[in-house]
Structures are given as C-alpha cells and as structure tokens.
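Please read these numbers as outputs of a predicted model, since none were measured by experiment.
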Amino acid sequence: MQHDMTHCRRLPFHAVLLAGLLATAAGPAAAADCLADDAGRLEMIVNGSLEARIAWSGGSLRCDGMPRPDGSGLRLMFGNEAEALLVVIGVTGAARGETAEDLPANLTLVREGEGEFYSTLGDDICQVTLTENRPEAGREAGIFRVSGTGECARPIPAVAREGEVRVRPFSFTGRVLWPAEAENVP
C-alpha cells in the first residue's frame with residue numbers, strides 16, 4: 001500500500017517536526033494525571049480563526065512536560081480530550097528548579113484530528129514568567145511542578161493554511177519530568 005505524501009510536501013519543515021512531537025505526546029505519558037493533588041491547570045482565551053475559552057483542570061486535563069531535546073529549556077503539553085485541542089508551550093532558558101521572568105517562549109495550538117495548527121514557530125512572539133518550579137512531593141524522582149503566566153505580543157499564524165489566532169495572557173500549572181543532571185540540583 002502506497003501512502004499519499006502530497007500533503008506532507010506542502011507543510012513547512014517545522015510543521016512536520018511538530019507532527020512528530022504530537023505523535024510522541026499522544027502516547028501513554030500524555031494520559032498521566034498532571035499532579036497528584038489535581039492542581040494541574042491551563043487558562044487561556046483564544047480568538048481568531050480558532051475560538052476557545054480554555055479553563056482546564058482536574059481529571060479531564062492531560063498534561064506532561066520534558067526538557068527540550070537540545071537542553072535549551074522545557075516543553076509543556078496540555079490537552080483536553082473533550083475539546084480535541086492540544087496546547088504546547090516551549091520555554092527557552094528555563095532551568096531545572098529555577099523560576100524566572102520574561103523568558104522567550106513559543107506557543108502551538110493544535111485542533112487534534114483536524115490538521116489545524118497555529119504556531120509561533122519560534123520564541124519571538126510570546127514570553128513566559130515561571131513562578132513555581134519545584135520537585136513534586138509524593139511523586140517519583142524527577143517530577144517537577146511548574147507554574148507560570150504568559151503573554152503573546154502579536155497574533156500567532158496558522159501553519160500551512162490561512163488564518164491566525166490571538167492569545168490573551170494565560171496561566172498554567174503542569175508537570176515536567178526533569179531527570180537529575182550531573183550538577184547537584186534539587
């Protein structure tokens with residue numbers, strides 16, 4: 001059976017990489033509870049080609065996070081199966097166990113199953129302030145509770161199609177699996 005790859009050739013390289021990330025995120029880890037005390041949350045209002053009033057928390061929230069593969073920061077993923085929407089926040093310069101203000105961030109919104117992507121495809125549109133970044137009590141080693149706020153200065157364009165979205169200031173609390181490094185960090 002031969003697959004029609006025509007649609008992949010039309011997508012920018014970043015979109016193909018993002019699709020790989022999303023396939024990884026859809027695995028068993030994405031279904032994990034965010035935090036033991038159900039404190040995981042994402043609050044965000046999106047207007048434009050995609051309209052969403054996100055106020056996710058508790059048992060319906062899927063979330064996970066990890067350091068970026070190149071070690072330049074972290075990546076948080078939030079989803080809600082009922083709304084078939086995935087939000088990925090990449091924070092440049094975030095370090096294990098440290099809070100920081102005004103870190104460059106990229107933001108991606110994906111309407112799952114629809115092939116609808118909106119992404120900054122870089123970290124020059126949004127900023128994030130990390131207000132909490134600490135080991136999660138009662139969880140396996142390396143799980144950190146990460147909270148923060150963010151804002152995007154300009155619209156976020158659609159990937160491989162027309163359209164854009166505006167994201168109002170947002171806030172989040174999620175989990176990051178941040179393995180111990182060679183340095184002595186809590």
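- Although no hydrogens or angles enter the test, the distance criterion places no donor-acceptor pair under 3.5 Å between the side chain of Ser171 and the main chain of Thr149.
- Here CG of Leu177 is found 12.5 Å from CD of Glu136. Values are rounded to the nearest 0.5 Å.
- When each of Leu50, Asn80, Val110 is checked for a side-chain contact (heavy atoms from CB on, under 4.5 Å) with Leu85, only Leu50 meets the rule.
- For Arg161, the salt bridge (Lys or Arg N to Asp or Glu O under 4.0 Å) partners two or more places apart in sequence, or in a different chain, are Glu116.
- A search for side-chain hydrogen bond (donor to acceptor under 3.5 Å, both in side chains) contacts involving Asn133 returns nothing, not counting sequence neighbours.
- Among residues at least two apart or in separate chains, disulfide bond (SG atoms under 2.5 Å apart) pairs with a member in residues 87-147 are Cys126-Cys152.
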* To do: Please report the C-alpha distance between Leu121 and Asn106 in whole Å, then the side-chain angles of each, then the deciding distance to 0.1 Å, and finally whether the side-chain contact (heavy atoms from CB on, under 4.5 Å) criterion is met.
  => CA-CA 7 Å; Leu121 297 178; Asn106 68 312; over 6 Å; no
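- Annotation: side-chain hydrogen bond (donor to acceptor under 3.5 Å, both in side chains) contacts of Glu132 (sequence neighbours excluded): Arg134, Ser147.
- Salt bridge status for Arg145 with Asp37: present, with a side-chain N to carboxylate O gap under 4.0 Å.
- Judged by distance alone, with hydrogens and angles left aside, the side-chain atoms of Ser72 form no donor-acceptor pair with the main-chain N or O of Thr92 at under 3.5 Å.
- Counting only residues at least two apart or on different chains, no salt bridge (Lys or Arg N to Asp or Glu O under 4.0 Å) pair has a member in residues 99-111.
- The list of salt bridge (Lys or Arg N to Asp or Glu O under 4.0 Å) pairs with a residue in residues 147-157, not counting sequence neighbours, reads Asp124-Arg154.
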* Asked: Could you walk me through whether Arg166 and Ile156 pass the side-chain contact (heavy atoms from CB on, under 4.5 Å) check?
  -> CA-CA 6 Å; Arg166 290 189 177 274; Ile156 299 170; over 6 Å; no
